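The next block holds one structure in the form of structure tokens; read it before the comments.
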Amino acid sequence: MSDMITADLVDLDLSADTKEAAARALAERMVTLGRVTDLEGFLADVAAREAQMPTGLDGGIGIPHCRSEHVTEPTLAFGRSAAGIDFGAADGPADLIFLIAAPAGADDAHLTILSSLARQLMNAEFTDALRSAGDAAAAAALIRGDEAPTVEKTAGSEDSAAASAAASADAAAGTDEGGASEAREEREERPFRIVAVTSCPTGIAHTYMAAESLENAGREAGVELVVETQGSAGFTRLDPAVIAAADGVIFAHDVPVRDKDRFAGKPTVDVGVKAGINRPAELITEVQGKAARGEVTAGSPGATPVERSGDSGEGYGTKLRKWLMSGVSYMVPFVAAGGLLIALGFAIGGWKVDKAPSVMEHFVWTQTDSWAALLFQIGGVAFGFLVPVLAGYIAYGMADRPGIVPGFVGGMIAFNINAGFLGGLAAGLIAGGVVMAIQKVNIPAALRGIMPVVVIPLISSAIVGFLMFVVIGKPIAEAQKGMTDWLNGLSGSNAILLGALLGLMMCFDLGGPVNKVAYTFATAGIAVANPSDSAMKIMAAVMAAGMVPPLAMALATTIRGKLFTQTERENGKAAWVLGASFISEGAIPFAAADPLRVIPSSMVGGAVTGALSMAFDATLRAPHGGIFVVPLIGNPFLYLIAIAAGVGVTTALVVVLKSMRKPAPGGPAPEATETAAATADRKQPVAA
């Protein structure tokens with residue numbers, strides 16, 4: 001740790017009043033010492049990490065951190081704020097701020113040292129000593145571990161600590177209602193055993209802080225608790241014998257738990273990593289209660305985008321969005337592959353290729369029409385999976401692997417009865433809900449082994465099949481037909497307004513949930529053998545609008561590069577290719593750095609492009625591809641004009657808005673021409 005922090009990286013009188021200003025003040029010290037090469041690029045990486053989850057911790061601690069290509073060596077800066085700075089912690093602002101900067105390829109040894117710091121933050125003596133440190137050198141020595149924390153405790157603080165310990169012990173002991181005390185009575189011969197896994201998006205701080213907090217709470221509660229930290233330095237798997245002997249499992253994570261199958265069949269508490277830091281005793285009590293009631297995980301979850309149904313604080317709407325996005329994320333590759341194959345079949349064999357006989361019956365190696373029919377028929381098979389995959393992985397996101405079978409069964413039924421996309425949504429949600437309900441039933445230990453393989457698939461498939469065939473399938477099929485007829489009837493101003501709306505949605509969150517809703521709406525319309533003309537117009541408008549933000553950012557950085565940082569100018573070069581390929585996420589770095597100017601500008605340009613595409617009657621059979629599928633577009637010249645118009649509008653708005661911007665105190669001027677070296681030499685704030 002000695003080479004990570006020095007007195008020059010300590011500010012005991014941090015005057016910043018926001019987390020962004022605090023990060024900037026500490027990062028400037030790193031730049032001065034040559035530890036960070038690009039201040040703005042590094043701060044953008046810090047902000048991106050902060051956007052994933054607030055880095056404030058209970059107890060007055062803020063710990064912004066990231067891994068960045070702009071960091072030359074692992075570095076830690078420390079600031080102490082008298083007024084406190086809001087880092088999103090539930091108990092209020094933070095007065096101790098640690099900025100951790102790790103290189104993109106940091107080695108295991110340095111990351112292990114950083115994890116040791118994270119564990120120290122759970123030690124009250126350590127944080128009290130930092131609050132009372134008289135000079136920067138002493139604070140740096142404490143953090144390095146050169147000096148042991150020595151803080152004189154008052155009677156009041158001792159009483160408070162004793163009360164806190166007693167409260168933790170009481171919480172761990174639980175009540176008769178929670179079942180924890182009964183569980184302890186049943187285990188008089190040995191203590192209750194828990195295995196835990198902690199992980200966070202960066203894997204530097206929260207992972208190890210949660211581990212330390214859980215271990216401390218376990219000792220206070222009198223339970224054996226072993227933690228597997230899945231951090232940036234890799235992880236060492238728990239001994240299978242330790243897992244087998246455990247009475248319960250705690251997952252405190254914000255990224256998927258690796259090799260989660262190992263823990264199946266045990267009472268499990270699944271929460272976010274900050275819950276492991278802030279309320280470990282409560283989690284121990286909860287898992288003890290589940291063990292006493294015989295509640296276990298019925299199956300082994302896999303690598304799904306929704307590893308869990310959500311933290312305890314998440315509302316139903318948030319959970320529902322995650323479940324639906326799980327299904328959509330698995331469906332999109334089928335859409336892209338199937339749609340492009342079908343489009344290529346039409347491009348090679350003409351519009352009558354859909355009437356060609358099966359290639360199993362007629363295929364001539366030397367005939368172009370045979371190859372066109374082959375591509376078309378393979379694409380048709382891929383499209384046939386869309387609804388089952390959507391339903392299956394919505395259920396997967398809700399209930400893990402046990403949800404796959406009833407989800408796919410319900411989705412295939414929806415496909416067969418022409419309930420389409422809406423039927424797939426309903427089938428997936430029903431299948432996931434049925435499996436979750438079955439999993440809550442207290443099953444005898446002798447039957448738990450066959451539950452995920454036999455019992456749950458059998459019962460849930462029967463229930464979902466009954467509901468889809470007999471109860472809700474026909475009404476949904478009628479609704480699907482009504483929506484299709486409505487789309488086919490769109491013309492004139494109604495179609496143009498729909499195009500503008502879809503353009504706004506595509507550019508609102510650049511690949512996020514709203515963007516995916518618009519894209520899924522479009523692809524659902526063309527996911528049939530013979531899509532309507534209106535459906536192909538909608539697909540064309542959606543793809544055109546989605547190309548606008550990255551192309552506009554690329555153009556803006558080219559014509560007015562002085563308005564952007566060096567990092568943004570580099571990102572602009574990549575945005576040309578991303579935008580041309582219909583990858584809206586190419587504009588995310590710009591939106592993250594300046595959302596109030598970039599996102600509204602993108603939405604206006606996207607709306608213009610979507611409306612013009614509809615007005616020009618452009619059509620598209622392929623669900624992806626960008627400019628590379630222009631030969632497959634109806635009215636391609638006018639289609640490119642629509643894209644160019646939207647890109648021009650967005651570029652103009654971004655340039656105008658950024659030109660009007662006034663720099664914040666201490667921030668870069670609007671025309672950010674400074675090099676990293678000049679930034680490092682700058683000592684005074686830029687005047688507004």
Side-chain angles (χ1 to χ4, degrees), residues 38 40-41 43-45 47-48 69-70 502-512 515 518-519 540-610 612-613 618 620 624-630 633 636-661 668 670-675:
D38 185 335
E40 300 303 329
L43 290 175
D45 292 336
E69 62 182 5
H70 307 297
L502 292 172
L504 289 171
M505 295 174 68
M506 288 297 296
C507 301
F508 175 71
D509 53 0
L510 305 173
N515 172 286
Y519 180 70
V542 162
M543 189 172 80
M547 296 167 64
V548 167
L551 289 175
M553 294 305 104
L555 180 59
T557 57
T558 300
I559 64 176
R560 289 297 302 275
K562 293 182 178 181
L563 295 174
F564 299 88
T565 66
Q566 179 61 36
T567 301
E568 288 176 325
R569 291 196 290 272
E570 291 299 319
N571 288 334
K573 296 175 183 178
W576 284 114
V577 178
L578 295 174
S581 304
F582 179 39
I583 300 176
S584 303
E585 289 85 347
I588 287 179
F590 302 91
D594 194 1
L596 295 180
R597 295 175 179 83
V598 172
I599 292 178
S601 301
S602 298
M603 292 175 67
V604 173
V608 169
T609 293
L612 288 177
S613 177
L620 175 62
H624 216 289
I627 63 170
F628 302 104
V629 294
V630 166
I633 294 172
F637 180 71
L638 293 176
Y639 186 74
L640 293 176
I641 289 178
I643 295 174
V647 169
V649 169
T650 295
T651 302
L653 287 174
V654 167
V655 168
V656 169
L657 291 175
K658 282 184 174 288
S659 299
M660 296 170 59
R661 172 180 63 179
E671 298 194 355
T673 59
E674 300 146 317
T675 63

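Starting from 1, each residue takes its place in the sequence as its number. The basis for the numbers below is simple: all heavy atoms, side chains too, and nothing from hydrogens, waters or symmetry mates. Because the structure is predicted, anything quoted here is derived from the model rather than measured.
For S584 (side chain) and G546 (main-chain N/O), a donor-acceptor pair under 3.5 Å exists by modelled atom type. In this structure a side-chain-to-backbone donor-acceptor pair under 3.5 Å is present from Y639 to A540. Checking side-chain atoms of S613 against main-chain N and O of T609 turns up no donor-acceptor pair under 3.5 Å.
Between I599 and A591, the closest heavy-atom pair is CG1-CB, 3.9 Å. When all heavy atoms are compared, the tightest approach of I627 to M547 is CG2-CE, 3.7 Å. Across G561 and R569, no two heavy atoms sit closer than the pair O-NH1, 2.9 Å. Summarising the geometry of L612 relative to A645, their closest heavy-atom pair is CD1-CB, 3.7 Å, with the distance given to 0.1 Å. Contact detail for A575 and P550: the closest heavy-atom pair is CB-O, 3.4 Å. L551 approaches A580 most closely through the heavy-atom pair CD2-N, 3.7 Å.
The aromatic rings of F564 and F590 lie perpendicular to each other, with more than 60° between the two planes, well past the 30° mark.
Rounding to the nearest 0.5 angstrom, the gap separating the CD atom in Q566 from the CG atom in N571 is 10.0 Å. Interatomic distance, M603 CE to T650 OG1, rounded to the nearest 0.5 Å: 11.0 Å. Atoms NZ and CG, on K658 and D594 in that order, are 3.5 Å from each other to the nearest 0.5 Å. Here E568 contributes atom CD and L563 contributes atom CG; the two are 9.5 Å apart, rounded to the nearest 0.5 Å. In this structure, CG in L596 is found 10.0 Å from CG in L657, a value given to the nearest 0.5 Å. Between M553 atom CE and S602 atom OG the span is 4.5 Å, to the nearest 0.5 Å.
For the side chain to side chain contact (heavy atoms under 4.5 Å, CB included) criterion with V654, the lone passing option out of S601, S659, P549 is S601. Screening L555, V655, T651 against R560 for a side chain to side chain contact (heavy atoms under 4.5 Å, CB included) leaves a single residue, V655.
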### Task
Show your reasoning for whether side-chain contact (heavy atoms from CB on, under 4.5 Å) applies to M506 and V548.
CA-CA 9 Å; M506 288 297 296; V548 167; over 6 Å; no

